[in-house]
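Accompanying notes for the structure given below.
Atoms considered below: every heavy atom in the structure, side chains included; atoms not considered: hydrogens, waters and symmetry mates. Labels below follow one simple rule: chain letters A, B, ... track the order of the sequence lines, proteins then strands, and each chain is numbered from 1.
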There are 2 protein chains.
Amino acid sequence: MSSRSQTIADTLTRAIIDHRLVPGCKLGERELAEIFDVSRIVVRQALIRLADDGLAQIERNRGAFVARPSMQEAMEIYDALTLVEQGVAAQLSDRLGPAGWAELRQHVERQRQAVAAGNDALADVLGQEFHTVFVRLSRNKVMQEIHAQLVRRTTLLRSLISADFDYCNLLDDHSRVVDLLEKGRLKQAMDLIDTHHRTVVRGYIMDREVFPEMTPAEALAPYLDGKADGATISAGLRQAKPSGNGDGAVHAHVHLPNKDRASTSRASTKKTNRGLPT
Amino acid sequence: MSSRSQTIADTLTRAIIDHRLVPGCKLGERELAEIFDVSRIVVRQALIRLADDGLAQIERNRGAFVARPSMQEAMEIYDALTLVEQGVAAQLSDRLGPAGWAELRQHVERQRQAVAAGNDALADVLGQEFHTVFVRLSRNKVMQEIHAQLVRRTTLLRSLISADFDYCNLLDDHSRVVDLLEKGRLKQAMDLIDTHHRTVVRGYIMDREVFPEMTPAEALAPYLDGKADGATISAGLRQAKPSGNGDGAVHAHVHLPNKDRASTSRASTKKTNRGLPT
DNA sequence: AAATCATTGATTGGTATCCAATCTTGTGAT
DNA sequence: ATCACAAGATTGGATACCAATCAATGATTT
């Protein structure tokens, strides 16, 4: 039972990760207070947490907004992610036992099955999760938290960004990294990790306008079915997952033909126009 | 002008870094509210920020305390720090230009002069700063922030810990790292970084009780001369710096002969008793 | 006397209301 | 059309208050 501001921060984080709250979206205190049915102060505390995580930006006397990282920051985040994962790779290549390698292989296999079954949404989640599992095997909670924070920020970028590269080449990277590491070819594995992220970030096109298609109230509705406790998050995740495929929420690991991209930006300009200036 | 809770969080952070607030110290809302002359709500927001930074721990319905990392966590923090600095080293060995190397050398030289002049306090600060400068040269703000956070947490450990190793060997590590990197001997530089941190952490002895000898009011007094704005921090730093040498707050980079260590722990039990038993 | 249980007090998490400062917006004058 | 200014809205913060929980004390029982 953590504090209410923490659960609200978690819910907002979830909503941002699910691309239901897009970069630049205004997070008004009064509005959120009504949505979550709490006082403004609790909301502000949640927003402080989000800002500390780099997911929101608080401008004095102007309020909080979902963070809108610059291209520069995007590259920095991916550089940091690369650095962390390369470091973890170096540690694992020395210290990881058979059980660890098995877990990694099992995860890759599950993702492969999801892809084979055409379940792109599941494959997407598993693809994300791989990196998390990878870092978890370092058995370093501090590192895990740093990594998780970076990963959350990359999901921000994916709202802001149009992925435009060949996903097929990335699909097997995880498997190959595991292979290389287990064979002790650390240098190659690290290069592959670097290439993996560089390929992702190179495909990004920034300076795109992002038009929120939902008010925060609509965006957050799926997370509020029951009372605001732990179950809320997973419930929200369950409902939000299809949206990751159906609306403008594009995950990098999703195989997404170009025609779908076009339809995404079309629907946006119409409704609420909380969209960003410039 | 950032929010008041931010400046209070900064002040508390400064006080923790200066070892005026020691691990386990209770940070009562009402007490801090009176000290800073603000409402409890602002204090709570500041405490949330500290907790997000890993410097405080908030226990539900019990309040906030200065974090008391376990030995496990201490090792994780140093592992993470090693990983980050090794990664940065790898980047710099490729990309750093002459100006960068010059800056590093200049910094090492300044520290050397401080040591030569017997100004241990300054040498200590410069020794800390070296790591920060090092990471800053990566020109990655995200990485800088992660690193700075880790460094702040290591200062926590130094309150909790008794350093018991040969400082002389560490004294030239910075210089040697720069040398190795500039010569392209990346592997050796990375090993040295690892050894550097391992030596530090190996000397640590945890499970020691830490007795705060000041109430938070006394601990925070130096930071409150003027109004609570930017100047407060540096004023506090100025006043707090000598304490890093005068009392039991031992920084790992300080050159400290063994005989002085004895006298240090002696003086500590008397004056402020931050000195750790064992 | 020691151990357990209950009451009391203090602290936290949170709400509601209020206020000043600032930002945004809409209106009016040029 | 542009600029200045007033009105409204929003934020940052203060104060007062309440419920829940923890801690400590004292009372009760063995």
Side-chain angles (χ1 to χ4, degrees), chain A residues 1-12 21 24-52 55-68 212 215-217 224 227-230 232 272-278, chain B residues 1-12 21 24-52 55-68 212 215-217 220 224 227-230 232:
Chain A
M1 246 67 64
S2 50
S3 66
R4 218 181 292 207
S5 66
Q6 183 63 63
T7 68
I8 291 178
D10 289 343
T11 302
L12 289 174
L21 293 173
C25 177
K26 176 75 187 286
L27 299 171
E29 289 184 6
R30 216 171 297 266
E31 189 176 6
L32 293 177
E34 281 180 20
I35 292 173
F36 289 107
D37 192 31
V38 294
S39 71
R40 274 174 54 206
I41 288 170
V42 176
V43 170
R44 198 179 318 175
Q45 289 166 355
L47 293 175
I48 287 174
R49 290 192 147 100
L50 251 67
D52 274 359
L55 262 54
Q57 184 178 351
I58 298 178
E59 299 178 25
R60 183 166 177 97
N61 284 320
R62 293 208 50 237
F65 306 81
V66 178
R68 224 157 58 86
T215 67
L224 301 174
K227 280 298 171 193
D229 52 20
T232 305
T272 62
N273 199 7
R274 329 183 128 232
L276 326 177
T278 304
Chain B
M1 234 44 88
S2 51
S3 66
R4 219 181 292 209
S5 66
Q6 182 64 63
T7 70
I8 291 178
D10 290 343
T11 301
L12 290 173
L21 292 173
C25 177
K26 175 75 187 284
L27 300 171
E29 289 184 6
R30 218 171 296 266
E31 189 176 6
L32 294 177
E34 282 180 20
I35 291 172
F36 289 106
D37 192 32
V38 294
S39 71
R40 275 176 53 208
I41 289 169
V42 177
V43 170
R44 187 145 60 200
Q45 289 165 357
L47 293 175
I48 287 173
R49 289 192 148 99
L50 251 67
D52 274 0
L55 262 53
Q57 183 178 351
I58 297 177
E59 298 178 24
R60 181 161 177 104
N61 284 320
R62 291 209 50 238
F65 306 81
V66 178
R68 227 157 55 87
T215 65
L220 294 168
L224 300 175
K227 280 297 172 194
D229 53 22
T232 304

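- Across the protein-nucleic acid pair, A:I58 atom CD1 and D:dG13 atom P stand 10 Å apart, rounded to whole Å.
- Taking 4.5 Å as the limit, every side-chain heavy atom of A:V42 sits out of range of all side-chain heavy atoms of A:F36.
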Determine, step by step, whether A:S3 and B:R44 satisfy the side chain to side chain contact (heavy atoms under 4.5 Å, CB included) criterion, reporting the C-alpha distance in whole Å, the side-chain angles of both residues, the deciding distance to 0.1 Å, and the verdict.
CA-CA 12 Å; A:S3 66; B:R44 187 145 60 200; over 6 Å; no
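- Interatomic distance, B:D37 CG to B:I8 CD1, rounded to the nearest 0.5 Å: 9.5 Å.
- Between the CZ atom of A:R62 and the P atom of D:dG12 there is a distance of 11 Å, rounded to whole Å.
- Between the C1' atom of D:dG13 and the CG atom of A:L47 lies a distance of 16 Å, rounded to the nearest Å.
- B:S39 comes within contact range of at least one nucleobase, with a heavy-atom separation under 4.0 Å.
- B:K26 has no side-chain polar atom (N or O) that falls below the 4.0 Å cut-off from OP1 or OP2 of D:dC22.
- Taking only side-chain nitrogens and oxygens, B:R4 never comes nearer than 4.0 Å to OP1 or OP2 of D:dG12.
- Taking atom CZ of A:R40 as the reference point, atom P of D:dG12 lies 8 Å away to the nearest angstrom.
- C:dG14 atom C1' lies 13 Å from atom CZ of B:R30, rounded to whole Å.
- Distance CG (A:N61) to P (D:dG12): 6 Å, rounded to an integer number of Å.
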